[in-house]
Amino acid sequence: MRRKLAAGNWKMNGTASALTELGNLAYSCKSAKAEVLICPPATLLYRAANVCVDSKVSIGAQDCHNATYGAHTGDLSAEMLHDAGATAVILGHSERRADHDETDETVRAKAKTAIAAGLTAIICVGETLNDREAGKTLDVVRAQLAGSLPDDTSGTTVVVAYEPVWAIGTGKVPTVEQIAEVHNDLRASLVKRFGGETANAIRLLYGGSVKAGNAKEIFAVAHVDGALVGGASLKAADFAPIVAALDASA
């Protein structure tokens, strides 16, 4: 059985005062069955990990460099993130792909480095609105999946998050049929490449305007093993009900 995962991406939000919300979330999730992960900005990693010691909440990072060390001013290596208390790292988010021109090749290189450092790589894929309207969704997602995942991918090292770009932070959510179509295709693509045993151990998350009000419906879709949540993860009162809905879907 794949363990459900509720992951929160704080993006470029949060200073020290936000750690209070993290403590509230840890308290709210003290009986959670699903894995709960919060990815704050790098400036909060160490302190966030300390807040969550002995709780059900783990801490992740939002990006890493593909080199293990070197002359890369302003960047952070996967080993540094692990040392600060991170257990996972988000890679290939659409905002990184768009704002920093990250390619599938770049994401794959980062994933290899992250895995080598002991981090779980949460690799994001997803189509733009133009892709969706042109009927290219599955082609785009398949290409990103093929190019971004390392050959040694396993269920313990990689999580795949499907995030349609047009649904991130917009309030727009694909229909359950659209989500099901992509997640079914992702699973089939993984089986074709890695074989059934490995493919069926890899968790598939949905991300894009997930809220307490729509979480139950989304989590009922086959092959949706959890969510990668943006804005609704910033407040414990918003994120805890999503975790509860995920627990109820197990």
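Note that the numbering runs from 1 along the sequence shown for the chain. Hydrogens, waters and symmetry mates are skipped; everything else that's a heavy atom, side chains included, is used. Note that this is a predicted model, so its numbers are computed, not measured.
You'll find the side chain of W166 stays beyond 4.5 Å of the side chain of D131, heavy atoms only. Side chains of N184 and H223 form a contact here, defined as non-hydrogen atoms less than 4.5 Å apart. Counting only heavy atoms from C-beta outward, the side chains of E217 and V176 approach each other to under 4.5 Å. Between S209 and K172, every side-chain heavy-atom pair lies at or beyond the 4.5 Å cut-off. Counting heavy atoms from C-beta outward, E181 and T137 have side chains that stay 4.5 Å or more apart. For the pair C52/L22, a side-chain contact is recorded, criterion being any heavy-atom separation below 4.5 Å from C-beta on. Using a 4.5 Å heavy-atom cutoff, the side chains of L119 and L81 are in contact. Residues L149 and V160 are in side-chain contact: their nearest non-hydrogen atoms beyond the backbone lie under 4.5 Å apart.
Considering OG1 of T20 and CG of L25, their distance stands at 12.5 Å, rounded to 0.5 Å. Put simply, SG on C64 and CD1 on I90 are 11.5 Å apart, with the number rounded to the nearest 0.5 Å. Taken to the nearest 0.5 Å, the OG1 atom of T198 stands 10.5 Å off from the CG atom of D152. Between atom CD of residue Q144 and atom OG of residue S189 there is a gap of 12.0 Å, rounded to the nearest 0.5 Å.
Taking the charged nitrogens against the carboxylate oxygens, D225 and R2 do have a contact shorter than 4.0 Å, which makes a salt bridge. Using a cutoff of 4.0 Å between basic side-chain nitrogens and carboxylate oxygens, E127 and R132 are scored as salt-bridged. Ion pairing between K30 and D54 fails under the 4.0 Å rule for side-chain N and carboxylate O. We find that R193 and D151 are joined by a salt bridge, their nearest charged nitrogen and carboxylate oxygen being less than 4.0 Å apart. The pair D63-R96 meets the salt-bridge criterion, since a charged nitrogen lies less than 4.0 angstrom from a carboxylate oxygen.
Of the residues L228, L205, I218, the one that meets the side-chain contact (heavy atoms from CB on, under 4.5 Å) test with V210 is I218. The one candidate from N50, V51, L44, L45 that meets the side-chain contact (heavy atoms from CB on, under 4.5 Å) condition with I59 is L45.
Between the side chain of S148 and the main chain of L145, no donor-acceptor pair closer than 3.5 Å is present. In this structure, the side chain of Q62 engages the main chain of C39 through a donor-acceptor pair within 3.5 Å. In this structure, N13 contributes its side chain and W10 its backbone to a donor-acceptor pair below 3.5 Å. Within the 3.5 Å criterion, the main-chain N or O of G196 finds a donor-acceptor partner in the side chain of N200. Distance alone, capped at 3.5 Å, places no donor-acceptor pair between the E21 side chain and the K235 backbone. The backbone N or O of L246 sits less than 3.5 Å from a side-chain atom of S249, completing a donor-acceptor pair. Panel note: side chain D247, backbone K33; a donor-acceptor pair is recorded below 3.5 Å. Counting only distance, with no hydrogens or angles, the side chain of R187 and the backbone of A222 share no donor-acceptor pair below 3.5 Å. Without hydrogens or angle criteria, T113 side chain to N66 main chain gives a donor-acceptor distance under 3.5 Å. Proximity of a side-chain donor or acceptor of Q178 to a complementary backbone N or O of T175 within less than 3.5 Å is detected.
Of all heavy-atom pairs between A232 and D238, the closest is O-CB, 3.3 Å. Contact detail for P164 and G207: the closest heavy-atom pair is CD-O, 3.4 Å. The heavy-atom pair separating V140 from G126 by the smallest distance is CG1-O, 4.2 Å. The two residues P150 and I123 have their closest heavy-atom pair at CD-CD1, 4.2 Å. The two residues F194 and T153 come nearest to each other via the heavy atoms CZ-CB, 3.7 Å. For the residue pair A114 and A78, the shortest heavy atom distance occurs at CA-CB, 3.7 Å.
Tracing side-chain contacts under 4.5 Å through hydrophobic residues (I, L, V, M, F, W, Y), one never reaches I122 starting from V243; they form parts of separate clusters. By the criterion of side-chain heavy atoms lying less than 4.5 angstrom apart, applied directly or through intervening Ile, Leu, Val, Met, Phe, Trp or Tyr residues, L204 is grouped together with V89 in one hydrophobic cluster. A continuous path of hydrophobic side-chain contacts links L190 to V107 [ILVMFWY only; heavy atoms under 4.5 Å]. Cluster annotation: V141 and V173 are assigned to the same hydrophobic cluster (Ile/Leu/Val/Met/Phe/Trp/Tyr, side-chain heavy-atom contacts under 4.5 Å, transitive). Under a hydrophobic-cluster definition in which Ile, Leu, Val, Met, Phe, Trp and Tyr are linked whenever side-chain heavy atoms come within less than 4.5 Å, directly or via other members, I179 and I242 are assigned to the same cluster.
Sorted by first and then second residue, the ring-ring contact (aromatic ring centres under 6.0 Å, His included) pairs with a member in residues 69-126 read H65-H72; sequence neighbours excluded.
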Next item on the list: Begin with the C-alpha distance, continue with both residues' side-chain angles, and end with the deciding distance and a verdict on side chain to side chain contact (heavy atoms under 4.5 Å, CB included) for I202 and V159.
Entry: CA-CA 6 Å; I202 297 171; V159 173; 5.9 Å; no
Next item on the list: For K4 and R203, run side chain to side chain contact (heavy atoms under 4.5 Å, CB included): C-alpha distance rounded to whole Å, both residues' side-chain angles, the deciding distance at 0.1 Å, then the answer.
Entry: CA-CA 8 Å; K4 304 289 186 177; R203 291 175 288 183; over 6 Å; no
Next item on the list: Might you work through the side chain to side chain contact (heavy atoms under 4.5 Å, CB included) test for R97 and V165, ending with a clear yes or no?
Entry: CA-CA 11 Å; R97 291 178 184 263; V165 179; over 6 Å; no
Next item on the list: Kindly determine whether E35 and K56 satisfy salt bridge (Lys or Arg N to Asp or Glu O under 4.0 Å), including the steps that lead there.
Entry: CA-CA 7 Å; E35 182 180 351; K56 294 292 184 72; over 6 Å; no
Note to self: I'd like to know whether D104 forms a side chain to side chain contact (heavy atoms under 4.5 Å, CB included) with R108, so could you lay out the CA-CA distance, the side-chain angles of the two residues, the decisive distance to 0.1 Å, and finally the verdict.
What the structure shows: CA-CA 6 Å; D104 295 335; R108 183 194 285 230; over 6 Å; no
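Below 30°, between 30° and 60°, or above 60°: for H183 and Y206 the angle between ring planes is between 30° and 60°, a tilted geometry.
In terms of the salt bridge (Lys or Arg N to Asp or Glu O under 4.0 Å) criterion, residue partners of D185 (sequence neighbours excluded) are, by chain and number, R142.
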